[in-house]
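Here the structure is laid out as C-alpha cells; the discussion comes afterwards.
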Amino acid sequence: MSNLNKLNYDPLVYALDFETYYDSEYGISNYGAWGYVHHPKFDAYLISIVGDGIEYVGPPKEAPWHLLPAGWKAAVHNQGFERLVFPRCQELRTIPKDAAPAGWLCTLDLSAYLCRHRSLHDAVLSLYGVEVDKGMRDYMRGKTWSDAVTAGKAEELKKYALDDSRWCLKLYRDFNTSWPQIEQELSEITFQETARGVAINEKLLDSGIQNVQNANDEAKKGIPWFGEEDEKGKEVKPLSVLALKKFCLENGCETKPPSTEDGDPLLEAWLSNNEHIRPVIKAMQTYRSTNALLKKACTIRARIRPDGTFPHDLKYGGAHTLRWSGGWDEGRAESGSVNVQNLPGSEMYGLHLRKCFVPRPGFKFIGADYSQIEPRCLWWLVGDWETLALIKQGLNPYEAYSRKNLGWDGGSLKALAKAGDAKALPIYKTAKAAVLGAGYGCGAEKFITVAKQMADLNITLPEAERIVAEFRRTNPKITKFWKTLENGMRRSIGEDYLIELPSWRSMRYRNVKVFGGLTCQVGDKIVKTWGGKLCENVTQAVARDVIGEALVRLEKAGIRTLFTVHDEVICEVPLDFDNKIVEQLMIEAPDWLPGIPLEVEIKDMEYYK
DNA sequence: GCTACGAGCGCC
DNA sequence: AAAGGGCGCTCGTAGC
C-alpha cells in the first residue's frame, strides 16, 4: 500500500486508442469528426487498451471490458476524435453500453500544455527523443482490417496500435501532475463546447450561399483565362499568378503586377499605369474572397447534425500563449475545418455568416467581451497602479491615458468624442491607438496601420513618430518591461528561457540563440524575438488565463458556453436569464492578479455578432 | 502524387 | 539598432 501512496498518477486511468477505416475520400477532412463516425463506412476495427493489468489490442467487441475496474478513466490522444468514436461504437453495439469510462483525459491537450507539440509523434519526440513510427497509419489508407490480415500486416498493425496507447499512458503517468487542475478543466470545457456545437439558421445560410455563389460566378467571368487549359491540357487556375503575368505581358503591360493584394500601395501604383488590368485584378480578388467564404459556408452546411446544430472545432492551447485557436488536430492537412474564431464580422456578398449562428429554441446568446483586457493586463504586469487607479474610479481607459499623458483636462473625453467634438475626437483616437497599439514596441511605420485598424486613426509618418515617441517617454514602466524580458532572454542563451506568469504557469522559449538577433524555438518553428514581442506574448498569455479562469467559473455556475474568441465568450442561456450573473462571474479579479479592474461588455444577441 | 510554403484574407 | 502579436484556411506553385 505504501507504494500506491507514492503513485503520482491515478491507477484507474487506462489509455485507449482506436484504429478506424479511412480512405482518400472518406475522412475527417471531408466529413468532420461527427459526420465521420456517423457515416455508413465507419468501422472501428481495432482498439488498444493499456493500463494496470491490461494490455489489449484487437476488435472492440472482444475487448476485456469486464476486467476494467469500476470507476476507470480513459486517457486518449485527441479526445475530439476518440470521444466521438467510443459512444458511436456503443450505439453500434461493438462496445457494451455499460462499458463507458467515468471520465476522460486528453494527452494531446496535455502535450499542448507541456511542450507545444500536439501530435503524438512530435510530443513523444520532443519529450522523450523517441521517434514513433506512423507508417502503418498511411499504409492503412483505403484498407480494411481484413485487407491487413490478408496482406500479413495484422501483427504489425496491432503493434502500432498498442504503441500509441502505451505512449499515451506514459505521457499521462509521467506528466499528469504537471498539468494543473484548472487546465484540465479547460480542456474538458473545450471538448464539451465543440461537441455541443451551435444551432444554425439553415434557411438564412442557404440563401446566403446562393448569393455568394452568384457573386462567385460573376467574378469568374472577369477572369480572362477562367476555364482555359494549358498546353498539357491542365486547367489554368483562376488565381494563377503565372496566368496573370502572361495575360499582362500579352496585353501591353511592361511589368507584371507586384501583387494581387487588395489595398496594396505597390499594386495601386502599378494599376495607375495599367488601368486596363484593374478589372481583372478586381475579379481575382472577388473570386478569392467569395470562394473562401463559399467553402466555409458549405462546410458548415454539410456538417449540420440532424438536430440542426453544427459541431465546431476549437483547439485548447492552440497558440503558444495557450490561447484557444480554431481548427482541429486530426490529419496533417489543416483543411476542411471551420475556424469559429475568424468568421467575417459583417455581411459579405449577401451572406452574414454570423447571423446563421443562432440560439437553440428557448435560449438566447449572451456575448460577453472583456474591455481592453490586454492593456489592463499590461498595466498590471508593469505595475502602473496610477493608471489602473484612474480606471478603477470609473474612468474610461483611453481617457485615463489622455489625462495622464496627453494633457486632456476637459470633460468626459469619450462622450465628447462620440459627439464629434473637434478637440476631443483626435485625442480620444490617439489615446486608443497608443493604448492598444504602442505597448509592444511597435515602430512608427507599423503604428500607422495599427492606428488605422485599432482606432480608425489616419496619421502621417511624422505624426506616428511623435505618438510612438511620446508613448515611450510617458510609459517608462512599459519600456522597462520590454528590456527586462529581453535581458532575461539574453541571459538564457544556449538554454530555454522561462517566463513565470502571475497565474499558475510559465511560458517557455526553447533553445535561445543569437543569429544576428535573438531567436528561439516556439512550437516547431524558430522565430526571431525581442522585448516588445515577448511583452506582447506575456500580455496575451495573462489575458488568456483571465478568460480561462472565468470560463471555469461560468461552467461551475452551470452556464453553457459555446466558444471563446480571445477576449469574448459566447454563452447560451435560457431566455429569462439574468445577464448580470455572467458579468459578475467574469469581472471577478483572479487571486493572482489582485486589484486589476476588469470590465465586460454584455449583450443579448438573437444571433452571433 | 504528395508535401511544404508563401500569398492573401478573415478574426481578436 | 530596431522590430506589434496571436491564429487558420484556401489556393497556387515548387520541389521531391
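Because the structure is predicted, anything quoted here is derived from the model rather than measured. Naming: A, B, ... by sequence-line order, numbering from 1 per chain.
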- Task: State which of dT13(C), dC12(B), dG10(B) makes the closest approach to the side chain of Pro344(A).
- Result: dG10(B)

- Message: Side chain of Asn291(A) only, heavy atoms from C-beta on: which candidate in dG5(C), dG8(B), dT10(C) is closest?
- Response: dT10(C)

- May I ask you to decide whether Asp496(A) forms a salt bridge with Arg508(A), counting only side-chain N to carboxylate O separations under 4.0 Å? yes

- Message: At 4.0 Å (heavy atoms only), tell me whether Glu235(A) reaches a base, stays on the sugar-phosphate, or touches nothing.
- Response: nothing

- Query: Is the distance from OP1 or OP2 of dA2(C) to the nearest side-chain N or O of Arg472(A) less than 4.0 Å?
  - Reply: no

- With sugar-phosphate meaning primed atoms plus P, OP1 and OP2, does Leu293(A) contact a base, only sugar-phosphate, or nothing at under 4.0 Å between heavy atoms? nothing

- Query: Looking only at side-chain N and O atoms, does Thr321(A) come under 4.0 Å of OP1 or OP2 in dG6(C)?
  - Reply: no

- Query: When we call it a touch if two heavy atoms are under 4.0 Å apart, what does Glu261(A) touch: a base, just sugar-phosphate, or nothing?
  - Reply: sugar-phosphate

- Message: Please determine whether a side-chain nitrogen or oxygen atom of Ser325(A) lies at a distance below 4.0 Å from atom OP1 or OP2 of dG8(C).
- Response: yes

- With a non-hydrogen cut-off below 4.0 angstrom, is Val565(A) in contact with a base, only sugar-phosphate, or nothing? sugar-phosphate

- With respect to the side chain of His320(A), which nucleotide from dG4(C), dC9(B), dG6(C) is positioned closest? dG6(C)

- Query: Are the charged groups of Asp456(A) and Lys452(A) less than 4.0 angstrom apart, N to O?
  - Reply: yes

- Message: Counting the atoms with a prime plus P, OP1 and OP2 as sugar-phosphate, which does Gly531(A) contact under 4.0 Å by heavy atoms, base, sugar-phosphate, or nothing?
- Response: nothing

- Message: Just N and O in the side chain of Thr260(A): are any of them under 4.0 Å from OP1 or OP2 of dG8(B)?
- Response: yes

- Roughly how many Å is it from CG in Asn339(A) to P in dG6(C), rounded to a whole number? 16 Å

- What is the distance from CG of Asn342(A) to C1' of dG10(B), rounded to the nearest Å? 5 Å

- Message: What contact category does Ala319(A) fall into here, base, sugar-phosphate, or nothing, at under 4.0 angstrom with non-hydrogen atoms?
- Response: sugar-phosphate

- Regarding the side chain of Trp530(A), the nearest nucleotide among dA3(C), dG12(C), dG10(B) is dA3(C)

- Task: Rounded off to whole Å, could you give me the NZ-to-P distance for the Lys245(A) and dA7(B) pair?
- Result: 15 Å

- When you check the phosphate oxygens OP1 and OP2 of dC7(C), does a side-chain N or O of Lys315(A) lie under 4.0 Å from one of them? no

- Query: With sugar-phosphate meaning primed atoms plus P, OP1 and OP2, does Val340(A) contact a base, only sugar-phosphate, or nothing at under 4.0 Å between heavy atoms?
  - Reply: nothing

- Message: Distance alone, cut at 3.5 Å: any donor-acceptor contact between the side chains of Thr290(A) and Glu218(A)?
- Response: no

- Spacing between Met284(A) atom CE and dT13(C) atom P, to the nearest angstrom: 9 Å

- Item | Of Arg323(A) and Asp313(A), the one whose closest DNA chain C nucleotide lies more 5' | Arg323(A)

- Message: Tell me the interatomic distance from Arg288(A), atom CZ, to dT10(C), atom P, rounded to whole angstroms.
- Response: 15 Å

- Message: Checking Tyr22(A) against Tyr31(A) for the ring-ring contact (aromatic ring centres under 6.0 Å, His included) test, could you report, in this order, the C-alpha distance in whole Å, the side-chain angles of both residues, the deciding distance, and whether it holds?
- Response: CA-CA 11 Å; Tyr22(A) 76 105; Tyr31(A) 293 91; over 10 Å; no

- Message: Rounding to an integer number of Å, can you tell me how far Leu242(A) CG sits from dG12(C) P?
- Response: 11 Å

- Query: Looking for any heavy atom pair under 4.0 Å, which part of the strands does Lys446(A) touch: base, sugar-phosphate only, or nothing?
  - Reply: base

- Do the charged groups of Asp545(A) and Arg505(A) touch, with an N to O distance under 4.0 Å? yes

- Task: Could you tell me the separation between the OH atom of Tyr608(A) and the C1' atom of dC12(B), rounded to a whole number of Å?
- Result: 9 Å

- Out of dA3(C), dG12(C), dG4(C), which has the shortest distance to the side chain of Leu239(A)? dG12(C)

- Message: Within 45 degrees of the ring normal and closer than 6.0 Å to the centroid, is that where the cationic atom of Arg544(A) sits relative to Trp324(A)?
- Response: yes

- Message: If you only use heavy atoms from C-beta on, which nucleotide in dC9(C), dT10(C), dG4(C) is closest to the side chain of Cys442(A)?
- Response: dG4(C)

- Query: Does the dG4(C) base have a donor-acceptor partner in the side chain of Glu536(A) within less than 3.5 Å?
  - Reply: yes

- Query: Can you check the Lys295(A) NZ to dG12(C) P distance for me, whole Å?
  - Reply: 9 Å

- Compare the minimum distances between each of dG4(C), dC12(B), dG5(C) and the side chain of Arg354(A), then state the nucleotide with the smallest one. dC12(B)

- Query: So what does Thr539(A) touch, heavy atoms closer than 4.0 Å: a base, only the sugar-phosphate, or nothing?
  - Reply: nothing

- Query: What about Phe81(A) and Tyr36(A), are their ring centers closer than 6.0 Å?
  - Reply: yes

